[in-house]
Protein chains: 2
Amino acid sequence: MKKTDLLIPPGKLKIIEAMRTLLEERTFESLTISDIAVTAGVTEGLIYKYFKDKRDLLHHVLKEHYEHFLVQIDRDLQGIDGAVNKLRKIIWSSIERYANHRVFARIILLEVRNSEEYFNSEAYGLVKQFNRILLDIIKEGIAGGEFRDDLPPAYIRNAIFGTIEHSCLNRAIFNEPVSTNEAARIITDLLLNGIKR
Amino acid sequence: MKKTDLLIPPGKLKIIEAMRTLLEERTFESLTISDIAVTAGVTEGLIYKYFKDKRDLLHHVLKEHYEHFLVQIDRDLQGIDGAVNKLRKIIWSSIERYANHRVFARIILLEVRNSEEYFNSEAYGLVKQFNRILLDIIKEGIAGGEFRDDLPPAYIRNAIFGTIEHSCLNRAIFNEPVSTNEAARIITDLLLNGIKR
DNA sequence: TTTGGAGGTAAATAATATTTACTCATTTGA
DNA sequence: TCAAATGAGTAAATATTATTTACCTCCAAA
């Protein structure tokens with residue numbers, strides 16, 4: 001095995017880092033390959049050495065973020081018993097992630113869904129993985145009698161996912177601040193107990 | 001006043017119609033001005049006569065759709081009493097709209113949110129109008145004792161909006177069929193009563 | 001009758017993404 | 001130990017696409 005096999009080349013790292021930096025302030029579409037290359041301090045050609053195209057680079061950044069997210073989710077759920085408690089925690093973790101990782105939030109909420117390639121990307125594969133975790137909690141809850149058994153699990157998942165995402169949208173778009181703890185508490189309560197008096 | 005002041009020129013109509021047709025099958029980003037011009041049977045320059053740029057045309061198409069939607073929503077709510085009943089209806093109407101207007105669904109769920117201009121567009125203004133209608137129903141429900149008064153209205157709105165949108169996403173992306181009546185029934189029940197047994 | 005504006009066009013230009021052909025340095029295996 | 005191979009990186013050409021410009025034509029109204 002060669003010495004450098006496990007090392008990521010510095011140029012590649014700089015490109016990824018530049019993408020993250022630029023997405024902090026600007027829209028993916030508004031970024032040019034030239035912008036990215038200049039910010040990274042590399043030439044435009046090098047970007048194409050490591051990534052198929054601009055979008056592939058975006059998906060890569062998202063994938064890295066999501067990997068961290070999944071590791072964290074896994075940790076966060078350790079030692080928690082009961083579907084309700086797990087759900088509470090996973091909602092909190094999701095909101096916390098969106099809240100403290102603006103670039104991540106913006107990529108996934110605003111930037112990727114408009115291309116077909118995304119749905120074939122590795123990043124999307126991780127999203128599906130998260131979905132399965134959530135779905136398993138829901139099924140556990142139904143089987144154990146904590147959740148209603150007359151609602152299809154997929155609908156429940158959509159409600160949870162959709163509510164979280166929509167609640168974090170304004171923050172992602174307009175930079176509005178939200179308190180993670182408060183948002184998590186209210187959203188969990190709302191989903192568990194409904195809005196009817 | 002001149003005769004033609006109220007008439008929309010045929011070229012403009014053809015451009016809008018071409019955009020709608022193309023969005024039926026393809027992504028906004030993948031459409032070129034040339035594609036649109038050829039499909040419309042006009043020259044590329046004409047598109048810029050009527051629209052600031054490609055995105056402005058997209059926003060216009062969305063705006064037209066949304067205008068129809070708001071008219072329909074207004075009609076649908078006529079004669080309905082009580083916040084719960086209104087909510088039930090507005091959820092049904094929203095799902096029905098996404099279900100039967102694929103292009104509309106795809107534009108609003110997938111295509112527009114990734115640009116700053118959208119949030120200054122007339123189309124977004126209409127979305128805010130819809131939001132206010134929804135918010136008014138929620139406030140009516142709280143004031144009248146139909147809904148809980150310990151949840152902030154904005155959170156409730158986000159939950160409703162988010163749940164509906166996420167439930168319609170797969171249909172928009174993968175063309176998966178969904179029964180409007182069934183989806184509306186389940187989502188309404190879920191939001192009103194929660195998922196806890 | 002003429003003039004000004006609206007609908008429309010063709011072709012030039014500008015902005016960007018992507019490809020190609022090439023260094024240079026390091027590693028490897030014979 | 002040394003040619004061949006490989007990987008990082010570059011510079012410049014090319015291709016694609018959005019956008020602008022300058023123009024034409026027709027017709028309603030003054």
Side-chain angles (χ1 to χ4, degrees), chain A residues 1-19 21-23 25-62 107 111-112 114-118 120-121, chain B residues 1-19 21-23 25-62 107 111-112 114-118 120-121:
Chain A
M1 179 154 113
K2 291 185 305 183
K3 255 186 217 163
T4 56
D5 260 11
L6 292 178
L7 258 7
I8 298 167
K12 184 169 181 181
L13 283 176
K14 284 192 286 179
I15 291 164
I16 295 166
E17 186 52 31
M19 186 59 145
T21 305
L22 289 168
L23 282 172
E25 297 300 335
R26 294 168 51 192
T27 299
F28 170 71
E29 197 175 60
S30 79
L31 301 179
T32 68
I33 290 291
S34 165
D35 287 337
I36 300 164
V38 168
T39 304
V42 302
T43 57
E44 306 191 8
L46 193 63
I47 296 174
Y48 290 91
K49 184 78 90 184
Y50 296 119
F51 303 99
K52 198 170 81 48
D53 54 22
K54 205 176 125 188
R55 217 162 249 291
D56 186 41
L57 169 56
L58 178 73
H59 294 159
H60 179 86
V61 170
L62 175 59
I107 295 178
E111 302 289 12
V112 288
N114 57 345
S115 85
E116 323 251 347
E117 301 101 62
Y118 168 60
N120 298 316
S121 73
Chain B
M1 179 157 113
K2 290 186 305 181
K3 254 187 218 164
T4 56
D5 261 10
L6 291 178
L7 258 6
I8 299 168
K12 183 169 182 182
L13 284 176
K14 284 191 286 178
I15 291 165
I16 295 166
E17 185 51 30
M19 186 59 144
T21 304
L22 289 169
L23 282 172
E25 297 299 336
R26 294 167 51 191
T27 300
F28 171 70
E29 197 177 58
S30 79
L31 301 179
T32 68
I33 291 291
S34 165
D35 288 336
I36 300 164
V38 168
T39 304
V42 303
T43 57
E44 308 190 7
L46 193 63
I47 295 173
Y48 291 90
K49 184 78 89 185
Y50 296 119
F51 303 98
K52 199 170 81 47
D53 54 22
K54 203 176 127 189
R55 221 164 242 294
D56 186 40
L57 169 56
L58 178 72
H59 294 159
H60 179 86
V61 170
L62 176 58
I107 295 178
E111 302 288 12
V112 288
N114 57 343
S115 86
E116 324 250 347
E117 302 100 62
Y118 168 59
N120 299 316
S121 73

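The chains referred to below are lettered A, B, ... by the order of the sequence lines, with proteins before strands, and numbering in each begins at 1.
OP1 or OP2 of D/dG9 sits under 4.0 Å from a side-chain N or O of A/Y50.
Using a 4.0 Å cut-off between charged side-chain N and carboxylate O, B/E29 and A/R55 make a salt bridge.
At whole-Å resolution of the value, CD1 in B/I47 and P in C/dG7 are 16 Å apart. Taking atom CG on B/D56 and atom P on D/dA18, their separation rounds to 15 Å, with Å as the unit. Following rounding to the nearest Å, A/I8 (CD1) and D/dG9 (C1') show an atom-to-atom distance of 17 Å. Rounded to an integer number of Å, the gap from CD1 of B/I36 to C1' of C/dT9 is 18 Å.
Taking every side-chain heavy atom of A/P9 into account, D/dG9 is the closest of D/dG9, C/dG8, C/dT9.
When side chains are defined from C-beta on, A/D35 counts as touching A/R26, because their heavy atoms get closer than 4.5 Å. Between A/F51 and A/H59 there is no side-chain heavy-atom pair separated by less than 4.5 Å.
Rounding to the nearest 0.5 Å places CG of B/L57 at 9.5 Å from CG of B/L31.
Shortest non-hydrogen contact noted between A/L62 and A/V112 is CD2-CG1, 4.1 Å. Summarising the geometry of B/T43 relative to B/A37, their closest heavy-atom pair is C-CB, 3.9 Å, with the distance given to 0.1 Å.
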For this session: If a protein heavy atom is under 4.0 Å from the base, mark B; if only from the sugar-phosphate, S; if neither, -; do that for nucleotides 12-26 of chain C going 5' to 3'.
Result: ----SSBB-------

